[in-house]
Amino acid sequence: MNQVARTVLHMKDIKKSFSGVPALQGVDFELLAGEIHALVGENGAGKSTLIKIMTGAYRRDSGIIEYNQSRVAFQNPTEAQAAGIVAVYQEINLVGFRTVAENIFLGKEPHRFGIIDFRRMNTEAGEILARLGLDINPRSVVSSLNIAHRQMVAIARAISGIAQVLILDEPTSSLTDSEVSVLFDVMRRLKSEGTSIIYISHRFEELYAVCDRVTVLRDGRTIVTQSLTTLNRLELVCHMLGRNLDQVSKGVTAFAAPQNAAGQPVLLQAEALKYQNQLLDVSIEVRHGEIVGLAGLLGSGRSETARALFGAEPLDDGTVKLEGKLIEVRSPHDAIDAGIAFLSEDRKADGIIPELSVRENLTLAALPTLTQWGIVSRKRQHELVARFMQRLNIKAASAEQKIHELSGGNQQKVLLARWLCKNTKLLLLDEPTRGIDVGAKGEIQRLIAELAQQGLGVLMISSEVEELVEGSQRVVVLREGRSVAQLSDEQKNVKAILRAMAEGE
């Protein structure tokens, strides 16, 4: 990249809030002419909000946007596209029953004598595809193309105008390695022609293979912008997670690690799990009474692993054994029958039923055992609810209070109680302490440790590395769909986990 390249796009001190909650808190972002610039950050970092402001989908609350040395304020994506800023999103938005050429020129078809000039459109579409080095017939119907070719058609449509800035949002999520190579060739070709590319991806190999610089966002702020030639992978992970390896805090959670479960029998043994291109080779073992931490960056396959073990994502390959017995988990119903419980990362979308009461939410999984001749025994239901509200110290005005009125920590306790009503053997916990206050967080952590002491096996996903170090006996690290490290109680520490996330060792 030219060291004295001019600045094409400069966003300064960009702020944006939604319903009073800040999403961007003074972000700075600079894009140079003819560079491929990576934009990275964990969930909630602000990447999507920044891109939508950049393309006119959102209006910023404050800050300055300069494009080609002039201040701009795009009112909508159409204005941004007309100016040369175009985004291609992960969900490819093409019209399947139309041809490649029709999709490339959708909304800007060439006309002759008032009707669409299909001959010219096909010719010009072919020229654009040839410019990208793609052997795709412009007359082919899009639905007949594979995912990779559809991705290329979306890029061809984006650059069919005067695209100076091309934004690619997770473009390789559905591509094979060979298809990724084709995409990178296209990107390099566009770069050589002077197009600037913003590349959003969680895959480090891709960033270092094709990008010049990287900007890291965290909690709506710009953390660093740096050349990838001077930033190693471990440093990049530390920037993303907000960690300083020389100043790692200790004792920051309320976890008291359970007693060593090494001598206990194996509860879960999952080997070589595969699911589409999200899980490529994941193996995990959990013993009775053991908390196993599951670590990894965004896109590593953490949540997908939990969902696969719970039957929410059907496995393509691999084996799952529970207490030494091979089981087929084809649906959540199968998992629940086997004694597997799952708390989703998003309790509002996948956990609670907001308008139902604490009683109704808590006993939801146990209803079959509380029902006779299709009628729920209110007496048994109330006894069960009272027992678990007391046991888990659930704070509510009454069991009839709507669950959405409870604090996040108490909602999480209700969801835990829901599964403890059943004959649960294995708890799959995806970010169990996210979004709850410090006091409730400590209660949840102590409760998880107590459940493990009582013999339950726990597989716990957390983005807080310290929580995994202090709250688990072993840590499995995932990276790009593979389990790359299994750290014992003696081996697990923040530095070892971060290094495995970054380098796979």
Side-chain angles (χ1 to χ4, degrees), residues 1-18 22-77 79-81 83-90 158 163-171 187 190-191 194-202 204 206-208 210-231 235-236 239-242 298:
M1 185 181 67
N2 187 351
Q3 297 301 310
V4 293
R6 66 181 178 85
T7 298
V8 172
L9 178 70
H10 198 179
M11 306 179 75
K12 304 175 185 178
D13 196 26
I14 303 297
K15 296 178 181 177
K16 178 67 178 178
S17 295
F18 296 96
L24 299 179
Q25 306 183 65
V27 169
D28 293 311
F29 179 81
E30 181 189 43
L31 180 67
L32 303 180
E35 79 162 331
I36 303 177
H37 194 126
L39 182 62
V40 302
E42 288 285 88
N43 276 335
K47 304 187 300 293
S48 296
T49 302
L50 184 67
I51 291 302
K52 288 179 179 178
I53 289 174
M54 191 183 298
T55 57
Y58 288 164
R59 299 291 302 278
R60 65 190 182 277
D61 295 336
S62 63
I64 296 171
I65 303 177
E66 294 179 348
Y67 179 54
N68 289 327
Q69 285 75 53
S70 297
R71 289 195 181 187
V72 295
F74 300 124
Q75 301 300 307
N76 51 58
E79 283 191 11
Q81 291 170 15
I85 300 177
V86 188
V88 177
Y89 293 102
Q90 182 176 357
Q164 285 185 269
V165 175
L166 177 64
I167 303 162
L168 299 179
D169 184 5
E170 298 285 359
M187 291 171 62
L190 290 170
K191 173 186 172 180
T195 302
S196 301
I197 300 173
I198 299 172
Y199 189 73
I200 301 173
S201 177
H202 58 262
F204 282 12
E206 297 178 4
L207 304 185
Y208 283 90
V210 77
C211 297
D212 301 303
R213 292 193 299 160
V214 62
T215 291
V216 179
L217 301 185
R218 189 176 71 244
D219 298 329
R221 294 182 172 90
T222 302
I223 302 304
V224 68
T225 295
Q226 190 170 336
S227 169
L228 280 166
T229 60
T230 62
L231 184 69
E235 291 171 330
L236 181 55
H239 285 312
M240 292 172 66
L241 298 182
L298 176 67

Please assess Val86 against Ile167 for the test side-chain contact (heavy atoms from CB on, under 4.5 Å), listing each intermediate value before the final yes or no. CA-CA 6 Å; Val86 188; Ile167 303 162; over 6 Å; no
Please test Leu168 against Ile200 for side-chain contact (heavy atoms from CB on, under 4.5 Å), starting from the C-alpha separation and ending with a verdict. CA-CA 6 Å; Leu168 299 179; Ile200 301 173; over 6 Å; no
For Ser201 and Leu207, run side-chain contact (heavy atoms from CB on, under 4.5 Å): C-alpha distance rounded to whole Å, both residues' side-chain angles, the deciding distance at 0.1 Å, then the answer. CA-CA 7 Å; Ser201 177; Leu207 304 185; 4.0 Å; yes
Just do the salt bridge (Lys or Arg N to Asp or Glu O under 4.0 Å) check on Lys191 and Glu35 with the steps written out, would you? CA-CA 6 Å; Lys191 173 186 172 180; Glu35 79 162 331; over 6 Å; no
Carefully, step by step, assess Leu217 and Leu50 under the rule side-chain contact (heavy atoms from CB on, under 4.5 Å). CA-CA 10 Å; Leu217 301 185; Leu50 184 67; 4.2 Å; yes
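Between Cys211 and Leu228, the shortest heavy-atom distance links the atoms CB-CD1, 3.6 Å. The two residues Lys15 and Gln25 come nearest to each other via the heavy atoms CG-C, 4.1 Å. The two residues Pro77 and Gly56 make their nearest non-hydrogen contact at CD-O, 3.7 Å. Summarising the geometry of Leu24 relative to Gly46, their closest heavy-atom pair is CD2-O, 3.5 Å, with the distance given to 0.1 Å. Between Ala158 and Ala163 the shortest heavy-atom distance is O-CB, 3.4 Å. Between Tyr208 and Leu231, the shortest heavy-atom distance links the atoms OH-O, 2.6 Å.
Two residues are said to be in side-chain contact when any heavy atoms from C-beta on lie closer than 4.5 Å; Pro171 and Tyr89 fail this criterion. Residues Leu39 and Ile51 are in side-chain contact: their nearest non-hydrogen atoms beyond the backbone lie under 4.5 Å apart. Counting heavy atoms from C-beta outward, Leu166 and Ile198 have side chains that stay 4.5 Å or more apart. Looking at Leu32 and Arg213, their side chains come closer than 4.5 Å, going by heavy atoms from C-beta outward. A heavy-atom distance below 4.5 Å is found between the side chains of Tyr199 and Glu206.
For the side chain to side chain donor-acceptor pair (under 3.5 Å) test with Ser227, the passing option among Thr230, Thr229, Thr225 is Thr229; the others fail.
Take Ser70 and apply the side-chain contact (heavy atoms from CB on, under 4.5 Å) test, not counting sequence neighbours, and it matches no residue. By the side-chain contact (heavy atoms from CB on, under 4.5 Å) test, Asp219 is found to be paired with no residue, residues two or more places apart in sequence or in another chain being considered. Qualifying salt bridge (Lys or Arg N to Asp or Glu O under 4.0 Å) partners for Glu66, counting only residues two or more places apart in sequence or in other chains: Lys12. Applying the salt bridge (Lys or Arg N to Asp or Glu O under 4.0 Å) test to Glu42 and every residue at least two apart in sequence or in another chain returns nothing. Evaluation of the salt bridge (Lys or Arg N to Asp or Glu O under 4.0 Å) rule for Lys16 yields Asp61 as partners, not counting sequence neighbours. Qualifying side-chain hydrogen bond (donor to acceptor under 3.5 Å, both in side chains) partners for Glu79, counting only residues two or more places apart in sequence or in other chains: none. Take Arg60 and apply the side-chain contact (heavy atoms from CB on, under 4.5 Å) test, not counting sequence neighbours, and it matches Ile14, Ile53, Ile65, Ala73. The side-chain contact (heavy atoms from CB on, under 4.5 Å) search around Val8 returns Arg6, Ala33, Tyr67, Asn68, Val165, Ser196, not counting sequence neighbours. Here Phe204 pairs with nothing under the ring pair (Phe, Tyr, Trp, His ring centres under 6.0 Å) rule; sequence neighbours left out. Looking at residues two or more places apart in sequence or on another chain, you find a ring pair (Phe, Tyr, Trp, His ring centres under 6.0 Å) between Tyr58 and Phe18. For Glu170, there are no salt bridge (Lys or Arg N to Asp or Glu O under 4.0 Å) partners two or more places apart in sequence or in a different chain.
Here CG of Leu31 is found 10.0 Å from CD of Gln164. Values are rounded to the nearest 0.5 Å. A distance of 7.0 Å separates CD in Gln69 from OG1 in Thr7, rounded to the nearest 0.5 Å. One distance of note links CD1 of Ile36 with CG of Asp212; it measures 6.0 Å at 0.5 Å rounding.
Using a cutoff of 4.0 Å between basic side-chain nitrogens and carboxylate oxygens, Asp169 and Lys47 are not scored as salt-bridged.
Listed by first and then second residue, the ring-ring contact (aromatic ring centres under 6.0 Å, His included) pairs involving residues 25-54 are Phe29-His37 (not counting sequence neighbours).
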